[in-house]
Every structure is written in structure tokens, then in C-alpha cells.
Amino acid sequence: MTLKPSWLLLLSISAGVWSVPIDRNGDNQEAKEEDTGLYYDRYLREVIEVLETDPHFREKLQTANTEDIKNGRLSKELDLVGHHVRTRLDELKRQEVSRLRMLLKAKLDSANTQSLQMDHASLLKQFEHLDPHNQNTFEAKDLELLISTATKDLENYDAERHEEFKRYEMLKEHERREYLKGLDQEKRETEEKRLQELKDKHHQHPKVNAPGSVAQLREVWEETDGLDPQEFNPKTFFKLHDTNEDGVLDEQELEALFTKELEKVYDPKNEEDDMMEMEEERLRMREHVMKNVDANKDRLVSLEEFLKSTEKKEFSNPREWETLETKPAYTEEELQRFEVELRDKEEELKRKAENLRQQQDLLKERGKALEAQRREYQQAVLEMSQRQKEQQQAAGGPPPAGPNGELQFQPEIKVEDKEAKVPAEHQAEPPNNLPAEPPQNLPLHT
């Protein structure tokens with residue numbers, strides 16, 4: 001989504017929105033759109049995109065001035081937008097509230113805070129870009145809060161970027177020193193010499209023209225626009241680089257003018273050139289031009305402001321532009337404080353790591369204890385099952401069941417007749433009319 005000039009005027013949005021990549025072939029001047037750096041950037045952009053689909057609101061936005069926007073009068077026009085727009089805005093707000101709730105829960109969980117009784121309504125009050133008391137519908141107050149919060153946050157955005165860059169440079173120097181400490185004397189001297197050669201090589205670049213000066217603009221006129229530098233015309237130059245033809249140069253269009261100057265100092269293919277430093281240089285150039293040209297501080301350059309700037313002495317005879325390497329981003333005292341901060345954080349991380357290790361060992365021991373209990377329980381179950389089987393067999397009960405519920409029968413015992421002895425008292429006596437023993441010596445008859 002491309003932010004319209006009225007929204008740029010409203011939110012000062014382009015402070016962090018645009019990044020212009022260096023194109024060494026000269027055939028791509030299209031800007032790369034990035035987020036604003038605000039934690040609610042997506043919500044902000046989606047609200048703007050939806051509002052611009054309403055013809056009435058878009059018309060009011062095009063005719064609104066800075067005061068109409070900042071004092072909230074534009075927010076009242078929300079009541080007149082179409083129903084489908086309001087419905088979509090309601091949906092966006094519910095999604096944002098849900099996202100913020102997830103952020104709060106994650107934050108509380110990371111701090112080991114019990115969140116079972118979490119009061120979302122109270123916690124949402126810390127977010128100023130929406131109305132926390134109404135979590136379901138997008139109202140005029142929500143638009144007013146979104147505008148005022150984004151404007152306030154973006155006013156400090158450049159300062160925060162400078163501070164972030166300073167910390168980056170200090171960390172880089174800290175790592176360089178620690179790296180050299182780990183080498184023996186001979187290797188350290190060799191590496192120090194190599195690093196100094198890279199630094200000197202970076203400093204050997206063509207002169208950089210002051211941003212917004214006649215020399216810098218003539219160079220763009222000749223090398224980018226392909227026009228005769230002797231025929232340079234500020235008004236024509238302005239119209240050529242007002243790429244969206246909205247009558248103003250926004251910060252995106254201004255940064256596109258710095259590409260040739262940045263190419264003199266930075267090449268992503270060179271080891272000695274740091275692209276983070278290039279972005280800081282771009283920011284410094286933009287701030288310099290806005291300070292000298294943007295008279296009403298609306299973060300846009302009108303044709304009138306641009307032409308007036310060309311009449312100033314600084315336009316024709318500017319001070320020599322000092323690139324980053326001419327002035328350190330930090331002092332030695334700031335670096336020492338930063339290193340103390342790093343050591344403190346490192347110690348804290350070590351304590352947390354040790355605590356996690358101890359917890360892991362404790363969990364392992366508990367796991368072993370649970371495994372021993374499980375085996376003991378299994379053994380007890382087996383012994384109890386065996387006793388039950390023995391008791392059933394002793395009581396003449398049904399055959400014990402197998403592991404799958406089948407009956408288990410004992411094999412039948414076979415007894416030989418000749419080994420079966422019946423006690424005499426249990427033997428049956430012969431009938432009375434039969435002799436107990438066969439007669440002896442009976443005569444044989446033929």
C-alpha cells in the first residue's frame with residue numbers, strides 16, 4: 001500500500017517507511033516500501049487502506065490541512081463513511097485487540113506471571129492507539145487516537161534510529177577488540193594492519209556533495225536525468241522528481257536524490273563498506289535537507305519551499321559534507337558504559353542458563369524416580385495377579401485366564417491300572433451264592 005500525501009502530512013509517516021535501494025545500473029528508481037517501525041504498523045496501514053476506499057472520506061482527506069487532521073475534525077467524518085467500510089474497520093479493530101491480548105499473555109508468561117485472573121481491559125490501556133473501553137467497534141475516537149499516537153511516535157523515530165545505530169557501532173567495535181584479544185601478538189599485529197588498510201580504503205572515495213546543494217542537484221540532473229548541467233532549472237527539476245505528480249516531494253522522493261552520493265562511499269560488494277552505515281548516512285542527508293528546505297515542518301517539500309531554498313547562500317556555496325567516518329558515532333566513555341551493560345547482560349544470561357540447567361537436571365531426576373515407581377508398580381501388579389491365580393487353583397475354581405482372556409487348562413494326569421491300588425476295606429465282596437475262592441483239586445470231566 002502506498003501512503004498518499006495527505007496521510008504523509010498527517011502521520012509524518014515517511015520518517016521510517018521508505019528505503020531507496022542503490023541501483024548501480026541506473027534503470028531502477030523504484031522505492032522499496034518498509035514498515036514504519038511502529039508495533040501497530042500493520043493495523044495503521046490497513047485502516048488507512050480501508051478508509052481510502054470510501055469516496056467521501058477520500059475527498060475530505062484530500063482537502064484537509066494539517067490542523068484539521070491533528071485537532072480531530074477529520075475523525076468526525078468517520079460517521080459518514082459507507083456501512084461496508086465501518087464493518088471492515090470493526091473487523092480490523094477486533095483483530096488488533098486479539099493480537100494485543102496475545103502480546104500481553106506472552107509478556108506475562110515470559111515473566112512467569114500468573115495470568116489466570118488477567119484483566120485484559122485494564123492491561124489494554126497501556127496501548128494508546130485505540131480505545132480499550134470499546135473492543136468491538138471502530139469509532140471516531142479510535143481514528144483520533146490512531147492519528148495522535150502515530151504522529152507522536154514518529155516524531156521520535158529518527159532519534160531512536162540514531163541511537164540504534166550508535167549501539168550497533170559500539171557493538172561492532174567491542175567485538176573487534178574482543179577478537180583481537182584472542183589472538184597472539186604476531187597474528188594480532190597482522191590483523192590490526194589488515195583492518196586499518198580496509199578502513200583507509202573506505203575513506204578513499206570521491207568528494208560527496210552536500211545534499212540539496214546546487215552541485216548535488218546538478219549531478220542528478222546530468223547523470224540520472226541525462227540533461228545538460230548548464231541548462232539546470234530548479235522548477236523543471238522539481239517536476240521531474242515529483243514522481244507521483246502530487247505537487248510535493250515526500251521523503252521517499254528526496255531519498256531517491258541521494259543515491260548517486262551514497263554510491264560514491266558505499267558498495268555492498270566491498271568488505272570495507274558497511275550497509276548499516278549507508279542507511280545512517282541516508283538518514284542524515286534527509287534530515288539535512290528537511291531542516292533547510294521544509295519551512296512549515298510538515299515533512300513534505302512544496303514547490304514554493306524548494307524554489308526558496310535555491311535562493312539561499314547555502315544552496316550555491318554549501319559547507320563541505322562530512323561523512324560518517326569523519327566523526328565517531330560514540331565516545332570512549334559511552335563505549336565503556338556499553339561494555340559494562342553487555343557484561344551485566346552476559347552475567348544475567350549465564351545465571352538464567354545455569355538455572356535452566358539445574359531445572360533440567362531436576363526434571364531428569366524426577367523422570368528417573370517416576371520410571372522406578374512405574375516399574376515397581378508393574379512388578380506389584382504381576383505379583384498380585386500371580387497370587388490370584390494360585391488362590392483360584394487352590395479353591396478349585398475355574399481355570400485361570402490367559403493374557404488374552406482365554407481359559408488355561410492343566411493337562412490330564414494318566415494313571416496306570418496296575419499301579420492303582422484299592423484298599424481291602426473298599427473292595428466289593430462276592431455274592432453269597434458264589435464261593436469266595438475257586439474250589440481246589442476238582443475232578444475233571446471228559
Side-chain angles (χ1 to χ4, degrees), residues 15-16 34-43 96-129 132 149 152-185 187-188 191-192 195 274-280 283 324 327-370:
E34 297 181 350
D35 65 42
T36 60
L38 304 176
Y39 66 88
Y40 50 90
D41 173 81
R42 180 174 179 179
Y43 175 65
E96 179 69 358
V97 169
S98 177
R99 185 183 72 88
L100 295 177
R101 285 175 175 169
M102 291 179 63
L103 289 175
L104 286 170
K105 186 178 185 304
K107 181 179 180 180
L108 293 174
D109 288 346
S110 66
N112 296 322
T113 302
Q114 296 295 330
S115 57
L116 296 177
Q117 304 296 328
M118 184 167 55
D119 185 354
H120 286 96
S122 298
L123 291 173
L124 284 172
K125 290 181 181 179
Q126 63 187 285
F127 301 109
E128 301 178 347
H129 64 287
T149 304
K152 180 185 66 176
D153 290 344
L154 286 170
E155 285 176 351
N156 301 322
Y157 188 74
D158 285 351
E160 292 174 358
R161 284 186 61 185
H162 287 309
E163 183 63 26
E164 181 181 352
F165 174 75
K166 178 191 290 187
R167 294 180 66 83
Y168 166 79
E169 288 290 290
M170 290 191 292
L171 178 61
K172 189 168 66 172
E173 175 61 17
H174 169 74
E175 291 178 343
R176 186 189 72 85
R177 294 182 181 185
E178 291 298 311
Y179 166 68
L180 292 175
K181 284 181 183 179
L183 303 177
D184 58 43
Q185 183 175 356
K187 290 183 178 180
R188 182 165 57 252
E191 188 64 10
E192 285 178 341
L195 292 175
D274 189 332
M275 295 301 102
M276 286 289 290
E277 293 180 359
M278 183 189 73
E279 291 305 317
E280 175 70 6
L283 175 58
L324 282 173
K327 184 177 181 181
Y330 55 87
T331 64
E332 185 64 26
E333 290 75 13
E334 288 175 323
L335 178 60
Q336 292 176 1
R337 289 195 297 269
F338 178 75
E339 290 181 327
V340 171
E341 180 184 340
L342 284 181
R343 285 194 293 271
D344 291 342
K345 289 183 177 180
E346 185 178 356
E347 290 299 323
E348 182 181 358
L349 288 175
K350 287 181 179 179
R351 288 193 296 270
K352 289 182 177 180
E354 178 62 21
N355 185 37
L356 289 174
R357 188 191 63 78
Q358 293 177 358
Q359 292 180 6
Q360 186 180 23
D361 292 342
L362 181 60
L363 288 174
K364 287 181 179 179
E365 292 298 324
R366 290 179 178 177
K368 291 179 181 179
L370 289 173

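Predicted model only: the values in this text are computed from it and were never measured.
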Enclosure of [X] [atom1] (heavy-atom neighbours >12, cutoff 6.0 Å):
X	atom1	answer
Arg357	CZ	yes
Gln358	CD	yes
Lys172	NZ	yes

Considering only NZ, NE, NH1 and NH2 on the basic side and carboxylate oxygens on the acidic side, decide whether [X] and [Y] come within less than 4.0 Å.
X	Y	result
Arg337	Glu333	no
Arg167	Glu163	no
Lys166	Glu169	no
Glu164	Arg161	no

Partners meeting side chain to side chain donor-acceptor pair (under 3.5 Å) with Glu346 (sequence neighbours left out):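 With neighbours one apart ignored, the set is empty.
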For residues Asp184 and Lys187, report the shortest heavy-atom separation together with the two atoms involved.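 That closest heavy-atom pairing would be OD1-N, 2.8 Å.
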- Item | Minimal non-hydrogen separation, His174 against Leu342, with atom names |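 It is CD2-CD1, 3.5 Å.
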Any side-chain heavy atom of [X] within less than 4.5 Å of one from [Y]?
X	Y	value
Phe127	Glu96	no
Glu173	Met170	no
Glu332	Leu335	yes
Arg351	Asn355	no
Leu356	Gln359	yes
Glu128	Tyr40	no
Tyr168	Glu280	no
Phe165	Glu279	no

Can you list the steps and then say if Leu103 with Leu100 is a side-chain contact (heavy atoms from CB on, under 4.5 Å)? CA-CA 5 Å; Leu103 289 175; Leu100 295 177; 4.1 Å; yes
* **His129-Tyr43 aromatic ring centre distance below 6.0 Å** =>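 Yes, ring centres under 6.0 Å apart.
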One should read off an interatomic distance between Leu195 CG and Glu192 CD, to the nearest 0.5 angstrom, of 8.0 Å
- [ ] List the steps, then state whether side-chain contact (heavy atoms from CB on, under 4.5 Å) holds for Val340 with Gln336.
- [x] CA-CA 6 Å; Val340 171; Gln336 292 176 1; 5.7 Å; no
request  = Please step through salt bridge (Lys or Arg N to Asp or Glu O under 4.0 Å) for the pair Lys350 and Glu354, ending with a clear verdict.
outcome  = CA-CA 6 Å; Lys350 287 181 179 179; Glu354 178 62 21; over 6 Å; no
**Q.** With sequence neighbours excluded, residues passing side-chain contact (heavy atoms from CB on, under 4.5 Å) with Lys181
**A.**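 Only Glu178 meet the side-chain contact (heavy atoms from CB on, under 4.5 Å) criterion with Lys181.
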